[in-house]
Engineer: 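Structure below; questions to follow.
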Amino acid sequence: MVQINPSILSADFARLADEAQRVGGPEGADWLHVDVMDNHFVPNLTLGVPVVESLRKATDTPLDCHLMIEDPDRWAPQYVEAGAGSVTFHVEAATAPVRLAREIRAKGARASMALRPATPIEPYEDLLPELDMLLVMTVEPGFGGQAFLDVMLPKIRRTRQLIDKHGLQLWLQVDGGVSASTIERCAEAGADVFVAGSAVYGADDPAAAVRALRERAEKVRGAAGGGCSH
Ligand code: DX5
Ligand code: ZN
């Protein structure tokens with residue numbers, strides 16, 4: 001199944017409730033992607049637990065929190081308590097990724113692990129059963145509106161092969177530079193969850209942009225999902 005997760009990093013932070021609703025509803029966003037940055041793991045600062053708590057009350061769309069922060073072992077569980085349905089930590093920042101993934105799951109959210117562009121997937125093959133989603137970054141994390149890194153396509157493909165080899169259900173998310181002109185390449189390589197910030201919130205009609213992205217990805221992967229062989 002194809003899922004489209006608009007990133008509110010490209011939304012108007014003074015009007016987050018409205019911005020969340022603009023992409024919600026039937027055929028709208030599957031998840032709202034919430035980028036948490038701490039000015040240490042990445043050179044940018046966004047929002048934290050209190051904003052996630054407020055957003056949770058402002059929308060019915062589940063929250064997909066992407067933590068670009070140091071010491072996620074300490075902070076990630078708080079995002080589950082704040083109401084995130086999925087919490088993604090960066091493996092480069094985590095001290096004990098297995099313990100952390102188990103804690104996120106035990107608290108009731110989907111556990112997800114992210115890889116920066118230079119981080120390979122292969123050392124983490126044995127961790128995959130501990131995860132509900134794997135995020136392959138397709139830009140250096142930190143900012144919206146950057147150009148898609150085509151050089152990540154082989155890693156997406158290899159990650160899909162590992163997921164299939166182990167017969168796992170985990171989702172494969174891509175984040176960074178995903179747009180109408182790049183989403184098909186990501187879908188073809190095996191991604192099934194697509195984060196889009198500027199391509200959604202930079203459009204005149206963000207809801208229409210979500211529908212258009214979904215259509216392109218589904219055409220590649222097959223509307224029923226899983227129709228693509230790799
Ligand atoms: C970047 C963030 C992304 C960002 C993507 O570090 O993790 O979620 O919002 O923005 P676009 O889609 O504009 O590249
Ligand atoms: Zn993100």
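In listed order, ligands and their atoms are each counted from 1.
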Engineer: If you link ILVMFWY side chains whenever their heavy atoms are less than 4.5 Å apart, which other residues fall into the same cluster as Val151? By chain and number, please.
Structural biologist: Leu149, Met152
Engineer: Using a strict threshold of under 4.0 Å (side-chain N to carboxylate O), is an ion pair present between Glu188 and Arg185?
Structural biologist: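 Salt bridge: no.
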Engineer: If you apply the rule side chain to side chain contact (heavy atoms under 4.5 Å, CB included), what do you find for Trp75 with Val36, and how did you get there?
Structural biologist: CA-CA 11 Å; Trp75 302 113; Val36 177; over 6 Å; no
Engineer: Pair Leu134, Tyr124 - check side chain to side chain contact (heavy atoms under 4.5 Å, CB included), show working.
Structural biologist: CA-CA 10 Å; Leu134 202 287; Tyr124 305 107; over 6 Å; no
Engineer: Will you find, in the side chains of His66 and Asp64, an N or O donor that is under 3.5 Å from an N or O acceptor?
Structural biologist: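 Side chains of His66 and Asp64: no pair found under 3.5 Å.
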Engineer: Write none if no such pair exists; otherwise list each N/O atom of ligand 1 with its protein N/O partner under 3.5 Å and the distance.
Structural biologist:
unit_1   : atom_1 : unit_2 : atom_2 : d
ligand 1 : 6 (O)  : Gly142 : N      : 2.7
ligand 1 : 7 (O)  : Asp35  : OD1    : 3.0
ligand 1 : 7 (O)  : His66  : ND1    : 3.2
ligand 1 : 7 (O)  : Asp175 : OD2    : 2.9
ligand 1 : 8 (O)  : His33  : NE2    : 3.3
ligand 1 : 8 (O)  : Asp35  : OD1    : 3.1
ligand 1 : 8 (O)  : Asp35  : OD2    : 2.8
ligand 1 : 8 (O)  : Asp175 : OD1    : 2.7
ligand 1 : 8 (O)  : Asp175 : OD2    : 3.0
ligand 1 : 9 (O)  : Ser7   : OG     : 2.8
ligand 1 : 9 (O)  : Asp35  : OD2    : 3.1
ligand 1 : 12 (O) : Gly197 : N      : 2.7
ligand 1 : 13 (O) : Gly145 : N      : 2.8
ligand 1 : 13 (O) : Ser198 : N      : 3.0
ligand 1 : 13 (O) : Ser198 : OG     : 2.5
ligand 1 : 14 (O) : Gly177 : N      : 2.8

Engineer: Would you call Glu27 and Arg214 a salt bridge, taking side-chain N to carboxylate O under 4.0 Å as the test?
Structural biologist: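 Looking at Glu27 and Arg214, the cut-off is not met.
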Engineer: Any side-chain heavy atom of Ile4 sitting closer than 4.5 Å to one from Ile183?
Structural biologist: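 Ile4 reaches Ile183 side chain to side chain.
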Engineer: Please determine if Arg22 forms a cation-pi arrangement with Tyr201, meaning its NZ or CZ atom is less than 6.0 Å from the six-membered ring centre and no more than 45° off the ring axis.
Structural biologist: no
Engineer: If you leave out waters, which protein N, O or S atoms are less than 2.8 Å from the Zn ion (ligand 2)?
Structural biologist: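 Within the sphere that stays under 2.8 Å of the Zn ion (ligand 2), the protein atoms of type N, O or S are His33 NE2, Asp35 OD1, His66 ND1, Asp175 OD2.
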Engineer: Who else is in Trp171's hydrophobic cluster (ILVMFWY, side-chain heavy atoms under 4.5 Å, direct or via others)?
Structural biologist: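 Besides Trp171, the hydrophobic cluster comprises Trp31, Met133, Val193, listed by chain and residue number.
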